[in-house]
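Remarks on the structure that follows.
Each ligand, and each atom within it, is numbered from 1 in the order the structure gives. From a predicted model like this one, the values you see are computed outputs, not experimental measurements.
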Amino acid sequence: QSTPWTKGGPHIPSGQQQQAPPFSLPISSARIRGPAMRQPREITSFSYDDNRRLHFDDSSLSYFYLLQDDVTASGGIDLSAGYNVFQKRDDTIDEHLDGLLLTLVHLERTTGKKTTGDIITWRGILTKLLCLPYSKNDGFELNAVWFDRQLFIEENLPYKLATQQRSDQRSELMSYWGYKFEQIATIPKPWNDCSRKEIESRGQKPVSNVAQYCSVVKTGLGDVRMVIAGEVDCVWDYKPDPKDNIDDDPKLFDNPLEHYVELKTNRVIQSDRDASTFENKLFRVWAQSFLLGVPKAIVGFRSDQGYLQTFEEFETQKIPGIVKKSKYSNPYTTWDAVDALAFLAACLQWLKTVIPRAEEDVVWTIRYLPRSDYLTVSRTDMPPFLHPDFVQWRSEK
Ligand code: A3P
Ligand code: MG
Ligand code: MG
């Protein structure tokens, strides 16, 4: 699956031209062509359970199960139900890249092979960079460190916590609707292994966002090879067992990623303004899903009171076209997938070269200030953030 590359950079009106600081990358001037996205391939997966313990398996994988009739017959499903008993993960705990790195130790121990790749990170970080040319209002800081000839990138959580807006009661509730939708749209096993009771009672337990299923994929953009991990909301039908899979024949290979689904919620669309807001969101869904090779998104549309009214499927690869053709798009902010990928490719290539490779264990900060025109990199005296078990494992080799 290659990306059609065309000429041109992101269409950003770049206001006042600022003086480029040292170690900086202009956000709006990526004009490279040629490098293609490699088709992502899952190399392993892992799960966090309800107590946030890590398992090197698919135990937290969910399966899509929602009938349009269930939604309409009831006059809408109340997504606020159970809000008072929501089991919310403490997102002030800094997990760094731990889940991913411990999974790599497990994988490398089992297979006896080192995971290759230039950049190792969470998918969410690459989503931020991929959307950056079109999304310049929010700042962020990332930490990066070279170790064992690979560049590891994480979010700087203290920066995020210090700068994020305190969420009010309404946004807390709206965020709960997203998790509630995940709960009522999925079951823990394929439907033919579930009893009627298990299916019918799927919305009764308290909603929790502690358990998660994550896929680890190898992918690449231009010359940059990456290993990225990201949460997968559910599978559409089944996940092929890697043991049964013949992966040296592409015709026989049943790619697990092809079976994954991203779930989202959105307000029902009643005005042009709603449609335009939705398209902005849809582009982010594309960015997030495309990076991990997730082919389908299912969007649950809800009322302002949080009642699910209907849901709709979107094919990831069709989203850029939908957004581009839209009559709501504003010519200055129109998202362009090809340009966004050109920027990401330039950005990753730049990070690989601007952060000195010889200086392993030095932590660098990648900084984007809200509404600025540059991404900058600077040296810090922060202690390295890689999990000690990973460092020890790789040092022994
Ligand atoms: P919605 O996006 O459907 O509202 P994801 O879609 O990435 O799997 O995330 C699942 C849900 O987590 C989201 O559902 C939303 O409720 C919540 N969520 C994710 N990122 C968030 C953020 N930055 N702030 C608040 N809630 C967030
Ligand atoms: Mg998710
Ligand atoms: Mg989701």
Side-chain angles (χ1 to χ4, degrees), residues 45-48 60-64 66 71 77 79-83 86-92 95 99 122-128 130-131 135 137-140 155 157 159-161 163-186 207-217 228-236 257 260-269 274 277-304 306-314 316 319:
S45 51
F46 62 93
S47 297
Y48 297 102
S60 295
L61 181 59
S62 307
Y63 296 78
F64 185 76
L66 187 62
V71 178
I77 296 174
L79 297 178
S80 305
Y83 181 47
F86 179 32
Q87 291 171 5
K88 188 168 182 275
R89 187 168 78 85
D90 179 356
D91 50 17
T92 62
E95 294 184 341
W122 291 119
R123 177 263 311 267
I125 287 174
L126 296 184
T127 309
K128 268 191 214 305
L130 182 55
C131 293
S135 177
N137 286 332
D138 298 319
F140 56 80
E155 173 137 43
L157 186 67
Y159 177 91
K160 181 180 172 183
L161 296 175
T163 53
Q164 79 188 2
Q165 289 199 337
R166 268 183 48 117
S167 63
D168 51 40
Q169 282 180 348
R170 172 88 182 157
S171 17
E172 288 283 332
L173 177 63
M174 286 167 70
S175 161
Y176 177 76
W177 293 342
Y179 297 117
K180 182 68 188 175
F181 176 60
E182 290 181 354
Q183 184 201 43
I184 57 137
T186 62
V207 173
S208 163
N209 66 351
V210 178
Q212 282 179 306
Y213 166 79
C214 296
S215 172
V216 184
V217 312
I228 58 182
E231 190 197 0
V232 172
D233 290 335
C234 60
V235 303
W236 175 246
L257 301 175
Y260 290 157
V261 177
E262 172 60 41
L263 300 174
K264 283 285 162 197
T265 57
N266 197 78
R267 184 181 185 182
V268 283
I269 292 164
D274 290 342
T277 311
F278 174 59
E279 283 171 3
N280 280 330
K281 183 160 184 169
L282 203 54
F283 193 88
R284 287 171 198 283
V285 175
W286 168 79
Q288 175 185 17
S289 305
F290 179 82
L291 285 166
L292 218 57
V294 174
K296 196 199 291 273
I298 296 178
V299 180
F301 290 95
R302 47 100 193 139
S303 66
D304 278 340
Y307 280 80
L308 181 69
Q309 317 255 282
T310 182
F311 62 91
E312 201 177 319
E313 281 178 51
F314 291 86
T316 305
I319 292 176

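- Note on ligand 1: Tyr179 sits in its first shell, one or more heavy atoms being nearer than 4.0 Å.
- No side-chain heavy atom of Arg302 sits under 4.5 Å from any side-chain heavy atom of Gln309.
- Considering only non-hydrogen protein atoms, atom 13 (C) of ligand 1 sits nearest to Gly178 CA, 4.3 Å.
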Task: Leu263 and Phe64: CA distance, side-chain angles, deciding distance, side chain to side chain contact (heavy atoms under 4.5 Å, CB included) verdict - done: CA-CA 9 Å; Leu263 300 174; Phe64 185 76; 4.0 Å; yes
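- Two rings, from Phe301 and Phe278, have their centers less than 6.0 Å apart.
- Closest protein heavy atom to atom 15 (C) of ligand 1: Ser175 O, 3.9 Å.
- Ligand 1 has a nitrogen or oxygen under 3.5 angstrom from a nitrogen or oxygen of Gln288.
- Closer than 2.8 Å to the Mg ion (ligand 2) sit the protein N, O or S atoms Glu231 OE1, Asp233 OD1.
- Annotation: atom 4 (O) of ligand 1 to nearest protein heavy atom, Thr265 OG1, 3.1 Å.
- For the pair Val285 and ligand 1, no heavy-atom separation below 4.0 Å is found.
- The shortest non-hydrogen separation linking Ser215 to Leu257 is OG-CD2, 3.7 Å.
- Side-chain atoms of Ser135 and Arg284 include a donor-acceptor pair closer than 3.5 Å.
- Note: Tyr48 and Phe46 have perpendicular aromatic rings, judged against thresholds of 30 and 60 degrees for the angle between ring planes.
- Of the inter-residue distances, the one linking Glu279 atom CD with Thr277 atom OG1 reads 9.5 Å to the nearest 0.5 angstrom.
- Closest to atom 2 (O) of ligand 1 among all protein heavy atoms lies Lys264 CD, 3.4 Å.
- Looking at Asn209 and Phe86, their side chains come closer than 4.5 Å, going by heavy atoms from C-beta outward.
- For the residue pair Phe181 and Val299, the shortest heavy atom distance occurs at CZ-C, 4.5 Å.
- Backbone and side-chain nitrogen or oxygen atoms of Asp233 are examined, and one is located within less than 3.5 angstrom of a nitrogen or oxygen of ligand 1.
- Relative ring orientation between Tyr260 and Tyr213 is described as perpendicular, the plane-to-plane angle rising above 60° on a 0-90° scale split at 30° and 60°.
- Of all the atoms in ligand 1, the ones that sit under 4.0 Å from a non-hydrogen atom of Leu263 are 6 (O).
- Taking each heavy atom of Lys88 and Val210 in turn, the nearest pair found is C-CG2, 4.5 Å.
- The presence of a protein heavy atom under 4.0 Å from atom 6 (O) of ligand 1 is confirmed.
- Neither the backbone nor the side chain of Asn209 comes within contact range of ligand 1; no heavy atom lies under 4.0 Å.
- Atom CD1 of residue Ile298 and atom CD of residue Glu262 lie 10.0 Å apart, to the nearest 0.5 angstrom.
- Considering only non-hydrogen protein atoms, atom 9 (O) of ligand 1 sits nearest to Glu182 OE2, 4.2 Å.
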